[in-house]
Structure formats: structure tokens, C-alpha cells
Amino acid sequence: MNLTLQHGIALLPLLVTSATAVAVMLGIAWRRSHAQTFILSVVGLNLALVSVLVTLHVTPLEVTPLLRVDHFAGFFMALVLIASLACATLAHAYLEGKDDSGYPGNREEFYLLLLLATAGGLVLACAQNLAALFIGLELLSVPLYGMIGYAFFSRHSLEASFKYLVLSAAGSSFILFGMALWYSEVGSLSFAALADGALAGPLSQAGLAMMLVGFGFKLSVVPFHLWTPDVYEGAPVPAAALLASASKVAIFSVLLRLFQSVPVTDTDWLHGLIMVLGIASMLAGNLLALMQSNLKRLLGYSSVAHFGYLLMVLAGNGGGETEAAAVYLATYMLTTLGAFGVITLMSSPYKDRDCDALYEYRGLFWRRPYLTAVLTVMMLSLAGIPLTAGFIGKFYLIAVGVDSHLWWMLGALIIGSAIGLFYYLRVMVILYLVEPTLRRREPPLNWGQQAGGIMLLLIAFLTVALGIYPQPLLLLAQAAGLGG
Amino acid sequence: MILPWLILIPFIAGLLCWQAERFSTALPRWIALWSMALVLALSVWLWVTGDASLAPAPGAEPAWLAQFRLPWIDRLGISLHLAVDGLSVLMLSLTGLLGLFSVLCSWKEIQHRVGFFHLNLLWVIGGVIGVFLALDLFLFFFFWEMMLVPMFFLIALWGHSGTDGKTRINAAIKFFIFTQASGLIMLVAILGLVFVHYNTTGNLSFDYATLLTTELTPTTEMLLMLGFFVAFAVKFPVVPLHSWLPDAHAQAPTAGSVDLAGILLKTAAYGIMRFALPMFPNASAEFAPIAMTLGLVGIIYGAVLSFAQTDIKRLVAYSSVSHMGFVLIALYTGTQLALQGAVVQMIAHGLSAAALFILCGQLYERLHTRDMREMGGLWGKMRYLPALSLFFAVASLGMPGTGNFVGEFLILLGTFAVQPWVAVIATTGLVLGSVYSLVMIQRAYFGAPRDANATTLRGMNARELGMMLCLAVLVLLLGFYPQPVLDASAASMSGVQQWLGHAFSQLASAR
């Protein structure tokens, strides 16, 4: 196959991101400077984001048998890039510090890892071949090990890194085994060949189950969710934010493409199994979150519940699933970034431990009103209350559920949301309670000037704006359907 | 253009109040007061100038007194469609009036975070107005859920903690979870309706007029009706789902209780009249005996529990359960008389319950307790307040001459024509009503005085007295001359009556 200029344009986001990674690496070798590395990465990511628009002129286009750049890929690449940009901004606020304060180790490599993980996410969004799927998955996961363990002198961070390393590798090997079983049946790894091939035998069914286990680990679906709260708690906040947003969005996008293109996934037992997994995630995630007194763990369990809701998209068969998933993932990513962003700014600059215990947020409204307003909007959005983007996402999921008659999942969603409200509201009330006299963290006063603060306000604004006028997002999501 | 402004005024004024706190603590109060006065004036203007004979009725394209439409989310066939008929105009006026009083009654009670308080207060009102105006089901649900958030803050941040460990935060969370979970069930029902309509016509729309014409099989209609009913029943409240109400009412600040009892409960009755009955008339007719039974249970259960309370606000809260039971019965009788009675009863209960809660609040400001065991013998110690309490207690028990009498009388009369036994049993509610209302007066104001409050207490000032007299006059006016209200709601109620009456006659012929 000849690579033409067209293919180059289609691959621009990936090429720009990879080039930025190389540039950052060389830059670090030449001169260590936090500001320079940060600016280089942000400029690169922004260019990549703009280039997503450029790719729309040549899509849909197959670039090698591995990747297919279409509107679907464009939408999810944009999501991944936005999430990485936000994480880079947060990381800058988090690692930066004057003189001796702030992060004590080398700060620059964090951006390198971030860029590599982003490249992995981009590959996943375009993957149309099991090999590309696996490459993307590993390219995404391996830098994440490093990012989670970036505060390696802290026991929690190191522990979280190892936990994620072991479990994620286990998940990957399940996926690899499943792929091998499929290959033995069909003799090809491309989605198209798998779709045409006779994937009906017991071996391919076993392969599918294996892959489901692997993806269950990556997306932290019950019963494969055990690592989530620990890793979220131990990881430095910007890394946790990337793990919760870009990583999950990218992995779900490839899962969605796989499910939509390979017919073996359209069987009754699989839908039943996904329903059971989804219901278990919704209920268990929400119930376990009830007892948390640590905001990061709470968000971890809440993400378990949210991916339980999202599984409805895989169990449905009505036709609007891709659109619903696109809308839901976009709103969820925005909300998660906002919530982790607030924790990051609370914990910035880096101290020995992150500011994530709930009592530290008591009466925050009276100290940092804008930050509190952002977190309130995020909590409401996570709970799916109107006026926020989260409501639109949940609305779409319920629409899919009603359209596909998934009554059990809808019931679980309603019960799960009711339980979920309890802890989201608890966090919200704590923010406004009277300030205790005992312990207070005096945050830097000029946070509003920092890039992180402005970005958070932007996210909060977007969350509310999309809650009030979601039409643009809905049109984008509609265009992201797999046909285009 | 007046309709969107009715919603926008409270929202914008709320934001202004929040920021105005920087300058002075009095400024937010004045902004809130004037914005509510403006809302009230606009609603009354709509009432006076509008042609109330324009109302939706079966068999024709719905007619409205005023409407407003703007495309919103085209992708899903959702538009910003607002419209009013006589019923909504009455409810809007009630909302504006009670909004005004809830600002006034917090004048002295709320001293902390004044700006943020008024933001929440005005946003609750804005949400309720949105519910009364919305004719797009998505928009309706949007406001229905949205008004919970500021209400939650009102209870959680400015509420009073009750006795025996009932904290205000738990009350607020309970309120939120009950209403939100039931709201999601309604959302599922709304989407069910929309998809049924989409599958038969290929037209995706959330609009009221479009969805009214949906053809439903009996089973689907029943299920969807139940989905709507559950959400409305929680807000109503219908008895097995009422347990959030006493806690929320008792723990809320005065303004919160006024809004909850006076207008939030009315959104449920409004929702049944506007959506559940016209959209699912056949299922509603079939469901009517169960709904009426639930109403009867509510009347008696609410009254008995009201009698047993020691907390004066909980007593009033349970009395709301009892009074709203009458409204529930009236809605499902399908007679014009009872439906008209329900409207009058909603307004009268809104006024009298709001007045009683304001009086409880004023009592609390003086005694710092809501426990009636700590009261007693207050009659001689305060000017005006006990006498006004007696007046509103008597109004609440349905004394002729007050609006409550007109409402309950019309409801019973209308019910007797179709379901004599239901009317007979419901009448016991009036007797029990006298018992708990008079017991409240007896326990709080008569009997042996307690030592703790031996000195005379501060009388009512002009603001407090003015509010109460105004409400008293309105209750009497509604009692002596309810005709303007009846005229305004006649066409709307006749539409509902035709929908339901037709379904009843079909049901009767089928049997």
C-alpha cells in the first residue's frame, strides 16, 4: 500500500503528538527547564488538536490496515487531546513551586510520559485491527505506570503504580489471549475480516469472554474494579485525572468500535452478561462510594458506577448507541477533569500528600468560592442534575435504555443514581459548612491567574453551557457515528 | 415575550442578590423583594388581561392564553415551549405571592450568607415557575429536577436541626433522594412515551401537543401513567411516599417551608392535571379507584399523625398531607365541580399553610423552640400573633367563610355525585382537621404557662403583622368571593374533565 499525502494528513494528530514527544525528550536532554517543557508539550498538543480538524477533510480514510481515520476517530481523538491538555495544565500547577517547595524530583519527564500516553490514546481511537488495538493499549498503559508512580518517594504512589502495573498487565494478557483465540479461528486480525469470518465456534466465544475480562480490568467494571480506588488515591492527582479521563475514553472508544463492527458480539448471552456486569457496577460502585472519606477514592468508586451506566450502550441494540456513548463520554470526561482539577489545585504545589481527605474541604466556600463553585457544578454533573452536562449524558443513556427495553438496567440506574446522590450531596454540603477553626490549608491567593484556575473555570462554564444548550455537542456526536 | 421573562427574572435577580452581598446585607433582600413583586405583577397582569377561556381540550389543537416557542435542541425535537392557560396563571400568581412572602419572612430570620440564601430562594421560585410554564416534556423535567438543588441548599444550610438527632442535612438529602429518584422514573416514562410516538409516526418530539395525540396500547398507557404518577405522588405527597415531607418541612427555614408547602406540593397536582390525566385518560380512569383510596388514606393518616406531633412545624406538615389528600381525590373524580374545587383548595391551602409556617417561624424567633410541650399559656403574652394563629388554624380546618371551606366543599360535592362513599369517608377528614387544628392552638397558646417564658414576649411588628393580615384578607376573599378564581380555571378544568369523563364513560360501557 502506498502512503500518500492524504494518509499523512489523516495521521496528523498522531504524528504531531509523537513529534512533540521526541522534541520534549531532546529538549530535556539539552536543557532542563520546567517552563520550556510545559510550553513545548502544550503547543504540541494544541497543534495536534487543531490538526484533528484538518483530518476531517480527508476522512474517512484507511491508513494502513491498522488504522482507520473517520469522524468517529476524530471525535474521540479530540476528546483524548483535550483531556491531555487539561492534565498537562494541571500537572504544571501541581509540579511547579518556588525555590524548594513543590515537587522535589525531576519535573520534566512527566510531560514526556503524558505525551506518549496520549499517542497511545490516539492510536486506540483509530484502531481497526486487533494489533493496533493492542499497540495502542500498551502505549497508553505503560507510560501511565510511570505517571502513577511519579511521586516514587511516596509509598502510596509507588504501591499504586505496582498495583496498576500488575493488574493492567494481567488485563492486557487476557486481551492478548482472547485475540489469539480469535486469530486461530479466522486467521486475521483486522476488524473487517473478523466481521466477515465465521466467528461462531466455542473458541471464539471463549476469546470474547477473555477480551471482556481484559477490558473489564481496564475500565474498572465490577468485579474487576478492585484496583481503582487504591490507584486513584495513590497516584499524583494529574496522573489520576489522565487515568480517569483520557485513558478510559480511549479504551471505551476502541471497545465500541470492536463491538459495532464484529458481529460475534451481538449474541444474547453476551448482552445478558454485559447487563449483569453493568448492574453490578452501578450498584456496587455507588454503595462502596457511600463509605468513603477520601475524595479521590470516592471519585474512583463513582467512576466504577459511571462505567456501569455506560455499559448500557454495549447492551443496547436500538441504533443510537454510538451517539449516546460519544455524548456520555464527552460529558463524563469534562466532569472528571473538573473534579480532579479542583483536587489538583487544592494540592498544588506538590506536598508530601495530596489534599484529598473530605474534612480538608470543609467550609471551602468561605475560603475559595470560585473553586468551590467549580466543584459543586462537577458534583451536580456527576449526579446528573439538569443545568449540567452530566444530565444530558444520563438523558442519552436512559434514552438508549428505553429504546432497547433494558428495563433491569434502567431500574439499577435509577437506584444507583439515588444512592449516588447521597455521597455527591454530602461532598457538596461539606463545602458550604461553617469552617472549622482547627486546621486549614491556606491556598495561594493568585490561583485565578494561574492557567489551571482559568482552565477549571472554562471547564465549569462548558459543563453548564452544554447543560443548557447541548445542541453543538449532540451534532458532533451524531456526526461521530461509525458510518461517517 | 412575557413568559420567558417570568422565568428569567428570578434567575437573574438571584445572581444579582449573590453579588450584591458584597455591598450590603440589606441589598439582596430588596432585590429579591422587588423581583418577586415584579413576577407577581406580571402574573396578575396575565390573569386580568388574558382570555381564560383559551385552554387545551380534547379533540382540537390545544389553545393557550399566551405562548412562547423557541427552538432549543433540534437534534431531539426539543423546543423551549412555554404556554399558560387559566390554571397556570393562577398557580403563577400564587407562586409570585408566596415568593414575596418568603422573602419578607426571612428578613430577620436569615442573618448569615444573605446573598447566597436569596440566590437559592429565587432559583427555587424560578424552577417552580418553569414547571408551571413548560409545555415541552424535556423542559418540564428539566425544571422539575432543577428546582431541587436550591431547595436542598435552603434546607441543608439554613435549616434548623430537630430533636432526637434529625439533622437538617439528613432531611435535605432525604428530600433530594426521594424526589430525584422518582423524577428519574418519570424521565423513563417520558422517554417511553416519546419513543412510542417516534416508532408510530417517525417524528421525534417532546412537545405536549404532539405527544397528546400518541396512540397507546392499554398496557403501555398504564405503565407510562404509573411512571408519571410515581413522580407526582412523591411530591404530592401520597401516603406511602410521604416520609420526606415532615422532616423537610420541619427542618427547613421558614421561607423553605413556605415554598415547600405553598408551591412545591402544588407542582405535583398541576403535573397530574396538565400531563398525567390528559395524556393517559384511559389508564387514569382505570387507576382512579386506587388513587382515590390513596387520597383517603392520606387524609386520615395525615390527620391522625398531625394530632400526635409535639413539634408545631411537623404538625402543620402532616396537616398538608391530609389537605392534599382531598386534592388527589378530586383529580380522579372526573367531575367539573370537584376539579374546580381542587384548584381552589390548592390556592387556599397554599395561603393558609404558608401563613401557619410563617407564624411558626415567628414563634420560633421568639421562643427558640418548636416543641409545643415547651409552650402553653402564650395567649396573653403576645399581641396579635395568637389571634392570627387561631384564625389560620380555623381556616385550615375549613370554616365557612374561608377559601379552604370553598375548596373542600366543592371537592366533596363533586365527589359525592360519582363516588358517594369516598365523599363520606373523606368528610371525616374535616372532623379530624378540627381536632388537630384546635389541639395545636390549645397546646401552644392556652393552658398553664411555663415558667421559662413567664415574661411577656415581643409583639408583632409592622412587617410581620402586614404579611399576616394580607394573607388573612386573601383567605377571606377566596372564601367569600371565589368567582374570579373559578372563572379563571373553568376552561382548563373543563378540558381535563372532558378527557377523563370520556375515559370514564368508555370504561363504564366496557364493563
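By convention in this document, chain letters (A, B, ...) are assigned in the order of the sequence lines, proteins followed by strands, and residues within each chain are numbered from 1.
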Could you walk me through whether Tyr424(A) and Phe176(B) pass the ring-ring contact (aromatic ring centres under 6.0 Å, His included) test, one step at a time?
CA-CA 11 Å; Tyr424(A) 295 129; Phe176(B) 204 112; over 10 Å; no
Scan residues 304-326 of chain A for pairs that pass salt bridge (charged side-chain N to carboxylate O under 4.0 Å, His left out), counting only residues two or more places apart or in two chains.
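Checked against salt bridge (charged side-chain N to carboxylate O under 4.0 Å, His left out) - neighbours excluded - the pairs reaching residues 304-326 of chain A are Glu323(A)-Arg75(B).
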Interatomic distance, [X] atom [atom1] to [Y] atom [atom2] [nearest 0.5 angstrom]:
X         : Y         : atom1 : atom2 : answer
Glu145(B) : Leu387(A) : CD    : CG    : 11.0 Å
Leu425(A) : Ile177(B) : CG    : CD1   : 6.5 Å
Leu187(B) : Ile414(A) : CG    : CD1   : 8.0 Å
Leu184(B) : Lys394(A) : CG    : NZ    : 6.0 Å
Leu380(A) : Met146(B) : CG    : CE    : 10.5 Å

Is [X] in contact with chain A via its backbone, its side chain, both, or neither, using a 4.5 Å heavy-atom distance?
X         : result
Tyr198(B) : neither
Ile190(B) : neither
Ile73(B)  : both
Phe152(B) : side chain
Phe153(B) : side chain

Which pair of non-hydrogen atoms, one from Ala156(B) and one from Val429(A), has the smallest distance, and what is that distance?
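Smallest interatomic distance, heavy atoms only, reads CB-CG2, 4.0 Å.
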Over all atoms of both residues, closest heavy-atom pair of Ile468(A) and Trp72(B):
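Closest approach of Ile468(A) to Trp72(B): O-NE1, 2.5 Å.
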Under a 4.5 Å heavy-atom cutoff, which of Leu475(A), Leu474(A), Asp403(A) has the most pairs with chain B?
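Ranked by heavy-atom pairs under 4.5 Å with chain B, first place is Asp403(A).
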Do you know which of Ser417(A), Ala418(A), Pro386(A) has the most heavy-atom pairs with chain B at a distance under 4.5 angstrom?
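Answer, by heavy-atom pair count under 4.5 Å with chain B: Pro386(A).
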Taking the side chain as every heavy atom from C-beta outward, state whether [X] and [Y] have any atom pair closer than 4.5 Å.
X         : Y         : value
Val188(B) : Ile398(A) : yes
Gln471(A) : Asp74(B)  : yes
Gln180(B) : Ile385(A) : yes

Decide if atom CH2 of Trp407(A) counts as having more than 12 heavy atoms of other residues, nucleotides or ligands within a radius under 6.0 Å.
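Counting other residues, nucleotides and ligands, CH2 of Trp407(A) exceeds 12 neighbours.
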Tell me if the CH2 atom of Trp244(B) is crowded by more than 12 foreign heavy atoms within 6.0 Å.
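Yes, the 6.0 Å shell around CH2 holds more than 12 heavy atoms from other groups.
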If you tally heavy-atom pairs under 4.5 Å against chain A, which of Val194(B), Val196(B), Leu148(B), Leu76(B) wins?
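With the most close heavy-atom pairs to chain A, the winner is Leu76(B).
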Mind ranking Phe116(B), Trp144(B), Phe143(B), Phe178(B) by heavy-atom pairs under 4.5 Å with chain A and telling me who comes out on top?
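Of Phe116(B), Trp144(B), Phe143(B), Phe178(B), Phe116(B) has the most heavy-atom pairs under 4.5 Å with chain A.
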Heavy-atom contact with chain B under 4.5 Å, split by part of [X]:
X         : value
Leu473(A) : neither
Leu410(A) : side chain
Ile419(A) : neither
Tyr423(A) : neither

Go through the structure and list residues passing side chain to side chain donor-acceptor pair (under 3.5 Å) with Tyr432(A), not counting sequence neighbours.
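Checked Tyr432(A) against side chain to side chain donor-acceptor pair (under 3.5 Å); matches are Thr376(A).
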What about Phe395(A) and Phe138(B), are their ring centers closer than 6.0 Å?
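Yes; Phe138(B) has its ring centre under 6.0 Å from that of Phe395(A).
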Evaluate the criterion side chain to side chain contact (heavy atoms under 4.5 Å, CB included) for residue pair Leu421(A) and Ile173(B); output intermediate values, then yes/no.
CA-CA 8 Å; Leu421(A) 271 178; Ile173(B) 290 180; over 6 Å; no
